[in-house]
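Data first, discussion second: the structure below is written as C-alpha cells.
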Amino acid sequence: MTNSYIKSVLEKGTFNVSSSFRLFGEMKTCEFKIDTGCSKTCVPIKRLGVDNNMALELKQQALRNGVRYVRSYGISDTSETREKDSWLIKNDKAIDCKALKFYHLVEDWELSQFHIGNAIIGINYDGTSNILLGMDILKDWDIHIGKSAVTGVITFLGCPKNEINPGYIQALEEEFLLYTKKAC
C-alpha cells in the first residue's frame, strides 16, 4: 500500500522518514532526516552499507565518467577546509576531496511509502553523516509542521503540490484543525 502524503513526528529534535530506492541497479533502504537547511538531498553511500574500498572505487568511476558534482559543506566547516578542497579540485586531486556530492539518479523512490518515482540526488562517497532530504525535493511540496490536535506531538505533513489529494487534505484538517477547501 502506498501513502498519499508523508507524515513524521518529531523525535529527538528531528523528523525522519523511511525510504527505499534503486541506486546503481540495487534496492536500498534507509531513513532520511528532513532538513530544510539542506539545499540538495544527500546520501553518504557508506550509510547504505558500502565499505570503504567499494566507496573509493565508485568515486573513481564517477570521476572517470564525468559525473557532475558540487562541493558540499556543513555549518561547522572552516574556511581553511574550503580553501583546501578548492586547491584539490583545481589540481586534479578531486579524489582526495571529501566534500564532493555527485549527482546520481535514484529510481522507484519511496518516502514513508509515498511514491516519489525517479529523482536526481547527491551521493557522497567519503562521509558517514546523516542521510538528508533537502530543499531540492521539498521546495515543490506543501509542508505543514505543528502540534497535532490528535496526539499533541509536533508533526510534519507533506505532499507534492501537484499531487495534493483528499487524504492529505483530511490529514491537515484532523492533525492541525485547518479549514481547507475540500476540492483537490
Just by distance, with hydrogens left out, do Gln61 and Glu57 show a side-chain donor and acceptor under 3.5 Å apart?
->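 Side chains of Gln61 and Glu57: no pair found under 3.5 Å.
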Donor + acceptor pair across side chains of Tyr168, Asp142 (<3.5 Å) |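 On atom types as modelled, these side chains qualify, holding a pair under 3.5 Å.
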Please name all residues satisfying side-chain hydrogen bond (donor to acceptor under 3.5 Å, both in side chains) with Glu83, sequence neighbours left out, ordered by chain then number.
->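 Not a single residue meets the side-chain hydrogen bond (donor to acceptor under 3.5 Å, both in side chains) criterion with Glu83.
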Go through the structure and list residues passing side-chain hydrogen bond (donor to acceptor under 3.5 Å, both in side chains) with Ser148, not counting sequence neighbours.
->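 Partners of Ser148 by the side-chain hydrogen bond (donor to acceptor under 3.5 Å, both in side chains) criterion, ordered by chain and then number, come out as Thr151, Glu175.
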Counterpart residues, side chain to side chain contact (heavy atoms under 4.5 Å, CB included), relative to Val67 (two or more places apart) =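 Here the qualifying residues are Ala62, Asn65, Phe102, His104.
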Listed by chain and number, what are the side chain to side chain contact (heavy atoms under 4.5 Å, CB included) partners of Thr14, not counting sequence neighbours?
->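 Side chain to side chain contact (heavy atoms under 4.5 Å, CB included) list for Thr14, sorted by chain: Asn16, Lys33.
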Cluster question for you: counting only ILVMFWY and a side-chain heavy-atom cut-off of under 4.5 Å, with indirect links fine, are [X] and [Y] together?
X	Y	result
Tyr103	Ile89	no
Phe176	Val153	no
Leu56	Tyr125	yes
Ile143	Leu10	yes
Leu132	Leu100	no

If the condition is salt bridge (charged side-chain N to carboxylate O under 4.0 Å, His left out), which residues does [X] pass it with, not counting sequence neighbours?
X	result
Asp140	none
Glu26	Lys28
Asp96	none

Distance-only donor-acceptor hits, side chain of residues 42-52, under 3.5 Å, sequence neighbours excluded:
from	atom 1	to	atom 2	distance (Å)
Lys46	NZ	Asn52	OD1	3.0
Lys46	NZ	Asp126	O	3.2
Arg47	NH1	Ser129	O	2.8
Asp51	OD1	Asn53	N	3.1
Asp51	OD1	Met54	N	2.7

What's the shortest heavy-atom distance between [X] and [Y], and which atoms?
X	Y	value
Ser4	Cys159	O-SG, 3.6 Å
Cys38	Lys40	SG-O, 3.0 Å
Arg82	Arg71	O-NH1, 3.5 Å
Phe32	Leu133	CD2-N, 3.6 Å
Lys101	Thr41	CD-O, 4.2 Å
Val17	Ser8	CG1-CB, 4.1 Å

[atom1] of [X] to [atom2] of [Y]: how many Å apart, nearest 0.5 Å?
X	Y	atom1	atom2	result
Ser18	Ile6	OG	CD1	9.0 Å
Glu174	Gln170	CD	CD	4.5 Å
Thr155	Phe15	OG1	CZ	7.0 Å
Thr81	Lys98	OG1	NZ	12.5 Å
Asn3	Leu111	CG	CG	10.5 Å
His115	Ser20	NE2	OG	9.5 Å

Would you find a donor on one side and an acceptor on the other, under 3.5 Å apart, between the side chain of Asn165 and the backbone of Gly167?
->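 Checked: pair present.
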Indicate the ring-plane relationship of Phe21 and Trp109, choosing parallel, tilted or perpendicular according to the 30° and 60° boundaries.
->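 Geometry flag for Trp109 against Phe21: perpendicular rings.
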Run through the side-chain heavy atoms of Ile, Leu, Val, Met, Phe, Trp and Tyr, join any pair under 4.5 Å, and report what else lands in Trp87's cluster.
->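 When side chains under 4.5 Å apart are linked, the cluster holding Trp87 also contains Leu88.
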Which residue pairs pass the salt bridge (charged side-chain N to carboxylate O under 4.0 Å, His left out) test with at least one member in residues 84-95, sequence neighbours excluded?
->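 Counting only pairs at least two positions apart or across chains, no salt bridge (charged side-chain N to carboxylate O under 4.0 Å, His left out) contact touches residues 84-95.
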For residues 145-163, pull every pair meeting salt bridge (charged side-chain N to carboxylate O under 4.0 Å, His left out), keeping only residues two or more places apart or in separate chains.
->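 Applying salt bridge (charged side-chain N to carboxylate O under 4.0 Å, His left out) to every pair that reaches into residues 145-163, excluding sequence neighbours, yields nothing.
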Where at least one partner belongs to residues 127-147, residue pairs that pass ring-ring contact (aromatic ring centres under 6.0 Å, His included), sequence neighbours excluded =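 Pairs touching residues 127-147 that pass the test: Phe114-Trp141.
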With side chains defined as the heavy atoms from C-beta onward, is the minimum distance between Ile95 and Leu63 less than 4.5 Å?
->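 Sidechains of Leu63 and Ile95: in contact.
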What's the verdict on side-chain contact (heavy atoms from CB on, under 4.5 Å) for Ile154 and Val9, showing C-alpha distance, side-chain angles and the deciding distance?
-> CA-CA 6 Å; Ile154 303 299; Val9 296; over 6 Å; no
